[in-house]
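Computed from a predicted structure; not experimentally measured.
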Amino acid sequence: MRRVVVTGIGLVTPLGATAAASWSNLINAKSGIRKIPAELFDTSDLSTRIAGLVPRDSEENSLTIENYIAPKDVHKVDKFIHYGIAAGSQAVE
């Protein structure tokens with residue numbers, strides 16, 4: 001049986017898409033909690049309309065998933081898989 005130890009850190013969080021961005025926003029007391037955009041999820045029948053959302057598209061410290069997954073494969077898996085692959089790749093790097 002082989003043992004594996006990963007000594008790197010990879011983070012994809014509502015504070016940012018990298019460990020450096022997440023740490024910087026954390027120590028600067030920035031929050032990853034914000035209003036859920038209507039185009040992302042309909043919250044009209046919910047009492048809570050905020051969430052911790054990973055920055056997307058052109059937002060600051062956003063995740064560019066094409067840096068980790070081939071563009072043709074992006075739509076083949078769910079977003080939580082995107083986050084895991086990105087964080088794992090960062091940790092290995």
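The minimum heavy-atom distance between Gly16 and Ala21, with the atom names listed, is CA-CB, 4.1 Å. For the residue pair Ser31 and Leu15, the shortest heavy atom distance occurs at C-CD2, 3.8 Å. Scanning both residues, Gln90 and Ala17, for their nearest heavy atoms gives NE2-O, 2.8 Å.
With Asp42 contributing its side chain and Ser44 its backbone, the two residues share a donor-acceptor pair below 3.5 Å. Distance alone, capped at 3.5 Å, places no donor-acceptor pair between the Thr43 side chain and the Leu46 backbone.
More than 12 heavy atoms of other residues, nucleotides or ligands shown are found within 6.0 angstrom of CD on Glu66.
Expressed to the nearest 0.5 Å, how far OG1 of Thr18 lies from CG of Leu11 amounts to 8.0 Å. In this structure, CG in Asp73 is found 9.0 Å from NE2 in His82, a value given to the nearest 0.5 Å. Atom CG of Leu53 and atom CD of Glu59 lie 8.0 Å apart (nearest 0.5 Å).
A 4.5 Å side-chain heavy-atom check between Ser22 and Leu26 finds every atom pair outside the cut-off.
Qualifying side chain to side chain contact (heavy atoms under 4.5 Å, CB included) partners for Glu39, counting only residues two or more places apart in sequence or in other chains: Pro37, Arg56.
Hydrophobic cluster membership of Ile65, counting Ile, Leu, Val, Met, Phe, Trp and Tyr whose side-chain heavy atoms lie under 4.5 Å apart directly or via other members: Val12, Val54, Leu63, Tyr68, Ile69, Val74, Val77, Phe80, Ile81, Tyr83, Ile85.
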